[in-house]
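The structure presented is a predicted model; accordingly, all values stated were derived computationally and were not measured. Every chain is numbered from 1 and lettered A, B, ... according to where its sequence line falls, protein lines coming before strand lines.
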Amino acid sequence: MHHLWLIPALPLAGFLVNGLFGRRLPKAIINAVAVGSVLLSFLWVLQVLNGLMPLETLYVERYATWIASGSLDIPYELAIDRLSAVMLLVVTGVGLLIHIYATGYMSHEDGYYRFFAYLNLFMFFMLTLVLANNYLLLFVGWEGVGLCSYLLIGFYYLKNSATTAGNKAFIVNRIGDFGFALAIFLIFIQFGTLDFPAVFSAAQPLPAESTAGILTAICLLLMVGAAGKSAQVPLYVWLPDAMEGPTPVSALIHAATMVTAGVYMVARSSALYLKAPLAMDVVALIGLLTAVLAATIGMTQFDIKKVFAYSTVSQLGYMFLALGVGAFSAGIFHVVTHAFFKALLFLGAGSVIHALEGEQDLRHMGGLRKKIPITFLTLACAWVAIAGVPPFSGFHSKDEILLAAHHHAPWMYWIGVVTAGITAFYVSRAMFLCFFGKYRGHHHPHESPVSMWGPLAVLALLSLGGGYTHIPQFLAPVFPLAEGAHDFTLVAISVAAGLTGIGLAWFLYIAKPGLADSIASNLGGLYKLVYNKYFVDELYFATIINPAIAGSRTVLWKFLDAGLIDGTVNGAGHMAQWVGAKCRRLQSGNIRTYATWVVLGAVLLIFTIGGVR
Amino acid sequence: MNDNLLSIILFTPLAGMFVLLFIPSAQRTLVKLWANLTAIAGFAVSIPLALNFDASNGGYQFAEKAEWIPLLGVNYHLAVDGISMLLVMLTTLTGMIAVLSSWTAVEDRIKSYYAMLLLLQTGMLGVFVSLDFFLFYVFWEVVLVPMYFLIGVWGGPRKLYAAIKFFLYTLAGSVLMLLGILTLYFQHYQQFGFYTFEIAELMKLNMPLHLEQWVFWAFFFGFAIKVPMFPFHTWLPDAHTEAPTAGSVILAAVLLKMGTYGFIRFSLPLLPKASIDASVVQIVVALSIIGILYGALVCLMQNDWKKLVAYSSVSHLGFCTLGIFSLNPNGIAGSVIQQINHGISTGMLFLIVGVAYERRHTRDIKEYGGLAHVMPHFAKVFAFALLSSAGMPLLNGFVGEFTILQGAFEANPVWAALAVPGVVLGAAYLLWLYQRTILGQVTVSSNLHLKDLNLREWLVFAPLIAWALWIGVYPKPYFEILQKPVAQLVERVKPGYGGGAPVQAVLPRKEAR
């Protein structure tokens, strides 16, 4: 036994201690419990991996039965292979850095203990999700991280916008879960089990479905779930709003870990997807569409966190593109590098916001590179990484994806390249607006404490060098390596696109400041369309939410419930009263009336009997 | 003691009630204390039932049988199987909680109030332990009276309307059910030459399909009104809203389960041909699914905190009936577990409303907001109840919902696909309620100095919280208890269905192998 359960159990213990007693504990102890539990969890991951290497096959631990009814038999079972090992290292490693950062960032906030309790709870569910050996236990983690996301988005619960954003995240995710749940039912009907190894080995001998069949249905339904959690079209709308949460939450949950759960789940189910090429195509198309759509919105936003949020949506689209074209290991590779540089971007943005006492609007920043140099330097590392500048981390993983896309369908590669250019542009735009030119705000920027810039520095190193982790080679036992040599021309084109994006941003925001605004006003309607996020939220409200609310109120409740059904019920009551009132007259106490009735009755009786004869 | 354990459980509340009647009304504390002691004793005597229950024995246990009215073939016959045992435990526990929750909530005519609560307790227990149809019917009707008075005397502003509506609605259903029972009674005489109300005897009947269908619909009205299924649900929002907190808790946790229990104990085994008849199943399932979605959508629109929780019952009970009429082990076992779960979760939600109501005397959601600020513990307990009700994994609701939906999917994937949006809406109306009552700034000044939960209120919630966690994390014992009776039930209506091997026929395994 390697006691895999300790990995999620340690943060759970942290949650219980801080959640139950945190109100009365001093900050130092809250920190020790929260950071310490994640640190121990990280160390335990290393210990387990040390004991299990080279880990070429799946290692399973079974603890107890959870649900056993009729044909259902679902155990508490955790397992680890190289795919989950990568995810575990990212979740506990990046998670640890962000916990440390948060001790600085949140130091002046009310509800300090509550924040760390939720954060630890999130780690518990996320690690359960990664370690689960069956779909239902994965679903436990899946729902759990969604709950923590809800709690942390709405952390500032006095703000209506924050609690509304939390509700939106939870409900949109539930819509995705609708698909996931149906997929689970279908998997069980088809395979008689929900255990990963059993399902995948049963799927192994099946031929690939050339037309839509059961496996295609399963994979498409799983994708609905993944689209919710990983913010893909059409369910991405919750993620930008989720930026209402404190910045460490945006970094940990809404950039580095939770939102990649959908990618992980699809990659985990690769054995099913490989038998459903149609579903793969859908995944690739959704990924590509999301990547482009979100990147274009990212170009126009002025809230620094919103820029990075749309960037996350766009990068997640990239990952789904990778999965859809069959480059599962490239997708996971991008999960890892993205975790480094996007966590860094958010934490760096948090450091900027911290320095400016809450200011998030890029228009009120500028020239900060001299005032907060460490933040600037570390953010610059993330900048070159996400822009795909060789040899930094983003370059490597993005390159793997684009090459695989080209192998699958060249047009996908070209759209991917354009998106890479846009990505480089919007990140550069944010950097130029934030750190270059003249300071346009009226605060007194100050550098963040070491608890904050320490994690930034570590993430900066990882963002620079993370490309040399050889994730695809490491994952070879899980996902066979894609064949095909690196095509130098294709690589050069994508790098050129990135550099063009940076150059264009430099031209528009440094060389010719003001030019961007005039271009925007010249574009008029098109710019407004993009700036307003293509009015997708408004569309959902007009077509789904408002009709549902109005219909429930007027048709279902007022008309059907209170009007028709209750009307009938009350009507029956009134009818009974009315009949009773009329019949009461019969009993008048008047002898002559009674005699009349008796005679009438007798006559009627005689006639009836006579009639029968 | 095992020989007449069920009688002890059944009559402990009634005996306590008789003693209560001799306590002078002026001794208010003594009245409350005695009522609580009786309720605790009622729960305590039921514990041996759970401990000594033998899950490996599929038949009825703790049986007691005596002749009652030999002339009519009526017996005093009590026994439980796994299904009724769980419902008995739910009844004794929530009964205890309901009594405890009333300590300060009810100050008017308290002796009669507690007497009614205890009488109600015996009535409900009788429904779940009777194996004689006549005896069952007596208890079924006994329940109506104390509940009528609880709503009508200790209820809110529109209590008389609500109480009469409740009474007439359910009485109408009962009368139809009685017709069904009498049909079976006379049919049995025709076929076997003697009169009996014994369930086991009546199961031997062999009736033509059309007659079974008539009886089925007669039962259906009785049970569907109690559940309540759409469109027979409109008594419920009024009754729940006007009833005192303890009445709402009992109503939601136990009384509604009399309807679902009726389907499981009587409709299915006594009328197997009608119960699997496609037209019957389609209607019942359609009404269940409508109830799930309709209840949830109407919930979204409520401005009355208590009414919202009441409508959520329509939605949740829709899952229970959907599970039953999936007619497979997962559906039925899931349904029973969900019946327990609904008792726990909705019981908590009503207690939550009660705590707020006792402090502010309003149920209007607009009157609240920002309570997390002044009542942090209350906010946490509410969050827990909400998550348990919304089916968060590792809490009780998820286990039931998942099993039901898996069962429904096995029966017909479309059913599950139509029902799952109810889970989405469930999260929506509960979260929105939470946002409007608990989160944000305190908007009404009279909320600024509300007191957080006191010790007694914690004691009210604690057992329910523990139970919700237990079922959510380790539901195995419950499934074990239910396994045999559910398998027998399925064997009765669908011989040869087996232990519930996945139905390959539902979805052809295309190109497999």
Counting only heavy atoms closer than 4.5 Å, note whether [X] contacts chain A via side chain, backbone, both or neither.
X        : answer
B:Leu439 : both
B:Gln435 : side chain
B:Leu405 : both
B:Val473 : both
B:His233 : side chain

### Task
May I ask you to check whether B:Phe232 and B:Phe221 place their ring centres under 6.0 Å from each other?
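They qualify: ring centres under 6.0 Å apart.
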### Query
Quick check, are the ring centers of A:Phe122 and A:Phe15 under 6.0 angstrom apart?
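Centroid separation for A:Phe122 and A:Phe15: 6.0 Å or greater.
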Side chain, backbone, both or neither: which part of [X] has a non-hydrogen atom closer than 4.5 Å to chain B?
X        : answer
A:Phe139 : both
A:Leu215 : neither
A:Asp177 : neither
A:Thr164 : both

Side chains of [X] and [Y], donor plus acceptor under 3.5 Å:
X        : Y        : value
B:Asp238 : B:Tyr169 : no
A:Glu77  : A:Asn134 : no
B:Tyr311 : B:Lys307 : no

Top of [options] for chain B proximity - count of heavy-atom pairs under 4.5 angstrom:
options                                : answer
A:Ile74, A:Ile175, A:Ile549            : A:Ile549
A:Ala202, A:Ser552, A:Gly146           : A:Ser552
A:Asn160, A:Ile184, A:Leu151, A:Leu147 : A:Leu147

### Query
Can a cation-pi geometry be assigned to B:Lys476 and A:Trp66, taking NZ or CZ under 6.0 Å from the six-membered ring centre and within 45° of the ring axis?
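Negative - B:Lys476 is either too far from the ring of A:Trp66 or too far off its axis.
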### Message
Set out, in order, the CA-CA distance, both residues' side-chain angles and the distance that settles salt bridge (Lys or Arg N to Asp or Glu O under 4.0 Å) for A:Lys275 and A:Glu209, then state yes or no.
### Response
CA-CA 6 Å; A:Lys275 303 293 177 187; A:Glu209 289 177 343; over 6 Å; no
### Message
Is it true that, when you exclude A:Asp110 itself, more than 12 heavy atoms of the residues, nucleotides or ligands shown sit nearer than 6.0 Å to its CG?
### Response
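No.
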